[in-house]
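Worth knowing before you read on, the calculation uses all heavy atoms, side chains too, and leaves out hydrogens, waters and symmetry mates. Bear in mind the structure is a predicted one, so any value in this text is a computation, not a measurement.
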Amino acid sequence: MTVRRLLALPLLGALLTGCGIRATEVPTDFGAAPSRVPCSLAGPDVSAQSSRGVPVQVFLLCGASLVAVDRAVRVPEGTPDAKRRVIVAQGLLDQLAASPSSAERSAGYTTYVPGGLGVSGPAPKDPEDTLRLSTPPSRLTSYALAQLVCTLSDSAATEDDGSVILGGPRPGPLRRYECTDDVRDHPGTTQPPSGRVTGA
């Protein structure tokens, strides 16, 4: 009896070992790691936006692309259209130059538009939808120019045709700039398409 028990022990050990879970070398894929720069924000409170002024959108840089963010610009009631365009444009420039909120910074948003940038309406002989900046557009960085063009061309400050006429202080030349998908996707390497505006 003792001999049979001794012979059975190795067999029992082998069986118990075989029931264990063995390590595998087969790779497993659980998807990509969560992004550290999600570029997504909680939906804005529309009523709160309206109480602060006219709802607008500005383009900030997140990752390597431009992303629209909701803002608000104050416009006094009864303002004539010509002045309204300039007020909206100046408000957009101020919003672009302001530091992103803490939530936006945490999500990876930033801006390259310099502070103190001013804007005025058309000078004599300029097209009526002209916006003249206090700094010539050619002196802005590629990122800042892309932010300005994409923000202004899609706002109440322009003719709503996807373009904007910009110039520096008079008598600097004017150019009509467009915001394209390539500009939004690659603002650091793609200049906004533009053409010289004659007759200014």
Within one Ile-Leu-Val-Met-Phe-Trp-Tyr cluster: Val164 and Leu140, side-chain cutoff 4.5 Å: yes
Without placing hydrogens or testing angles, list every side-chain donor-acceptor pair under 3.5 Å for residues 141-148, not counting sequence neighbours.
residue	atom	partner	partner atom	Å
Thr141	OG1	Ala144	N	3.1
Ser142	OG	Pro187	O	2.6
Gln147	OE1	Tyr112	N	2.8
Gln147	NE2	Phe59	O	2.9
Gln147	NE2	Thr111	OG1	3.0

Contact list for residues 185-197, test side chain to side chain donor-acceptor pair (under 3.5 Å), sequence neighbours left out: Arg175-Ser194
Test item: Val197 and Pro127 side chains (from C-beta on) under 4.5 Å apart, heavy atoms: yes
Evaluation steps, side-chain contact (heavy atoms from CB on, under 4.5 Å), between Val56 and Ser155: CA-CA 7 Å; Val56 295; Ser155 73; 6.0 Å; no
ILVMFWY cluster, Val88 and Leu166 together (side-chain gap under 4.5 Å): yes
Side chains of residues 89-103: which donor-acceptor pairs under 3.5 Å do they make with residues two or more places apart or in other chains?
residue	atom	partner	partner atom	Å
Gln90	OE1	Val119	N	3.0
Gln90	NE2	Asp94	OD1	3.0
Gln90	NE2	Leu117	O	3.1
Gln95	OE1	Arg71	NE	3.0
Gln95	NE2	Ala72	O	3.3
Ser101	OG	Glu104	N	3.2
Ser101	OG	Glu104	OE1	3.4

Residues that Asp81 engages under salt bridge (Lys or Arg N to Asp or Glu O under 4.0 Å), provided they are two or more places apart: none
Exam field: side chain Ser153 to backbone Val149, donor-acceptor pair closer than 3.5 Å: yes
Single-linkage hydrophobic cluster Leu61~Val58, side-chain heavy atoms < 4.5 angstrom: no
For Pro137 against Tyr177, the heavy-atom pair lying closest together: CB-OH, 3.6 Å
Residue pairs passing the disulfide bond (SG atoms under 2.5 Å apart) test where at least one lies in residues 95-137, sequence neighbours excluded: none
Main-chain N/O of Gly172 paired with Arg132 side-chain donor or acceptor, under 3.5 Å: yes
Contact check, side chains of Val54 and Arg84, non-hydrogen atoms, under 4.5 Å: yes
side-chain contact (heavy atoms from CB on, under 4.5 Å) between Leu66 and Leu60, worked out: CA-CA 5 Å; Leu66 294 182; Leu60 300 182; over 6 Å; no
Residue list, salt bridge (Lys or Arg N to Asp or Glu O under 4.0 Å) with Arg184, at least two apart or on another chain: Asp181
Arg85 side chain to Leu131 backbone, donor-acceptor under 3.5 Å: no
Validation row: Pro193, Ser163 side chains within 4.5 angstrom (heavy atoms): no
Heavy-atom closest pair, residues Pro76 and Ile87: CD-CD1, 4.1 Å
Any side-chain heavy-atom pair of Asp154 and Cys179 under 4.5 Å: no
Side-chain (Ser134) to main-chain (Gly118) donor-acceptor, under 3.5 angstrom: yes
